[in-house]
Amino acid sequence: MLTDSGIKKAEMGFGVENLSDPENMRLQHHINQALQANGCMIRDKQYLVQDGQVLIVDEFTGRVMPGRRYSDGLHQAIEAKEGVKVENESKTLATITFQNFFRLYNKLSGMTGTALTEEEEFQQIYKLDCVAVPTNKPVIREDMQDSVYKTENGKFHAVLEQVKECHAKGQPVLVGTVSVEKSEQLSSLFKRNGIRHSVLNAKFHEREAQIVAQAGKKGAVTIATNMAGRGTDIILGGNAEYAARHRLEMLLRDEEAKRLEEEAKNPVETPEVHLPVEELLVEATGFADTDNEEIKRARELFARFHEEEKAKMAPEQEEVKKAGGLFIIGTERHESRRIDNQLRGRAGRQGDPGCSKFFLSLEDDLMRIFGSDKVKKMVEALGLEEDQPIEAKMLTNAIENAQKNLEGRNFDTRKRVLQFDEVMNEQRKIVYAQRQAVLDGEDVSGTIRTMMESCIDTALDDYIGVTSDKEHWNIRAIKEFADRNLRANGEFDVTKEELSGLSRDDIKEKLMDIANKRYAEQETIFGENMRELERVLLLKVVDSQWMDHLDEMEHVKREIGLRAYGNHDPVVEYRTVGSELYEGMLESIKRDTVRYVLFAMPRIRIQREQVAKPMAPNEGSPVRRATGRPQPVQPASSGAQPEQEKKTIGRNDPCPCGSGKKYKHCCGKDK
């Protein structure tokens, strides 16, 4: 946040007297977002810059999330910081939590090797039990004791020495990191020490499967971010299937290049049609029935290459097994034990040998924030050098406890998000049901009439209330309401003398008569298009109001936590405020829909063609065309229809009523 001197500098820079004044709240918000973009958002950790775009990196998977943008101007602030094009602020059209999205399914199940650490969450959120299925072959992987170092620099050099040791005997190594930044830091260290390696992070996600597939080759060193490449089998000695596919791709692309070169030299009228290389590669590993000769040939080549690669890799596979199998190195404990288990689980597949070891430091985020003070004091008392490891059961237990505490906190956060979304979920169901009725083409005229009555009742509640004292009735406000929302055009005019003999029901009846009269006029004007007009307008209003409601609820969610300081449950408070905002949104939908329906007018554009010179015989004759379609318009001061130019309408011309049909099939079908 801005310090006192920072506030003074901002006031001078933006030319404001007091940054804390209410009219400067927007400016203050943008300054705070700029501070966050510059101070908290770190490039290659929270986001990447690629092709002039700021791309968010998922903190749990390490993968890029294309199309996702930070809200409230933060993304724009980062774009300004990085000197790329600042895009417009995005608008939320719909929102749902993953939990509620999954719970929309009638049947829910899944399989993963790391579910047991999240057993409680699966039970509470989805009412699902977790069952551990025994492995096909016993796991013989050795999970070694964690080594903890005083500094991060000492930890990285210990990782380097371990990699050198494995590399010397041909043992493949997979190094897991928690961010793009850390993976590139390690990569730089390996390069300086002459260790050939592959890097897999959010910057190279296109090659993800290809890199991970060969991570089990003899002497291979792979750096991966947060278990990128999950779902790809790491086979000791190398993945013959991927190697065969790569050979086939090289061959097909070479043939394609030669064919294109030949066609360029000797062009023909109807060249042969060939399947794209990408499609052939997919079909080559498939089993669907086909008569296509190209696909059959690709499958034969792939099968041959696959057998050749398997035979070539078999001796290497034995060498790698003798060297100890795949060595997994974790460079930092993750917030979730599940991610650490996923990293460990890449070694020891199908009874293969392997081992895993985590190298940690007291400067790691998890240890720095959640490690106990007792551990830090113990390390300081020992007076260890930065390259001396600490391997103690007490330390490992302290780390696991820190992870469990953080997992519990993250689970509480997710549970709170779900509780908040439960409030939105009920509202969402009602709004989406209304939208679906409109999209299904249902007749909403009855809904529109109900909305008119509801709007009038609300207005009378506001301006008359329950009082019988007519001196307190705000007749002027009712008149303005009628002109503004019901297109009364001054028709509702009650004098003091008339008021004495009127009840609330009489006034409601007068307003309903005006609304029904205007509604009947609209049906006469738009004819058979009236039903479509109502659907379009209702859909437009519902979508617009729902988007605004989502924004408001998001603001409430961010601020509602402060009410906990007053001993109020934030979820209960959120439900109360959300209910009030939802009722307000429904009233706005009714009011705006009624106003747009009653004020809508057909817009007819006359296209005049002025002939400046005699037309050539083959140019035909000028024809005036009237085109148009019903559009919602802002309330006008008068209900008079625009005067239309008299013209002759051809039977094949668009009908001037705006239906989009030809005149002979619409208003002119009986003429």
Side-chain heavy-atom pair [X], [Y] within 4.5 angstrom cut-off:
X      : Y      : answer
Gln124 : Phe411 : yes
Lys182 : Thr331 : no
Lys357 : Ser147 : yes
Ile56  : Gln46  : no

Is [Y] paired with [X] through a side-chain N to carboxylate O contact shorter than 4.0 Å?
X      : Y      : result
Arg563 : Asp569 : no
Asp543 : Arg435 : yes
Arg43  : Glu82  : yes
Lys45  : Glu181 : no
Asp340 : Arg337 : no

Would you tell me whether [X] and [Y] have side-chain atoms, one donor and one acceptor, within less than 3.5 Å of each other?
X      : Y      : value
Arg338 : Thr114 : yes
Asp421 : Gln99  : no
Gln427 : His549 : yes

For [X], ring-ring contact (aromatic ring centres under 6.0 Å, His included) partners two or more places apart:
X      : result
His75  : Tyr70
His197 : Phe190
Phe327 : none

Exercise for the section: Flag yes if more than 12 heavy atoms outside Lys169 fall under 6.0 Å of its NZ atom; otherwise flag no. Expected result: yes
Exercise for the section: Using a cut-off of 6.0 Å, state whether more than 12 heavy atoms not belonging to Met25 lie near its atom CE. Expected result: no
Completion exercise
For His555, the side chain to side chain contact (heavy atoms under 4.5 Å, CB included) test, sequence neighbours excluded, returns Asp72, Arg558
Exercise for the section: For Lys217, check side chain to side chain contact (heavy atoms under 4.5 Å, CB included) against everything at least two apart and list the hits. Expected result: Gln214, Ala220, Met313, Glu316
Practice task
Among residues two or more places apart or on two chains, list those pairs meeting salt bridge (charged side-chain N to carboxylate O under 4.0 Å, His left out) that have a residue in residues 106-134.
Solution key: Glu121-Arg414
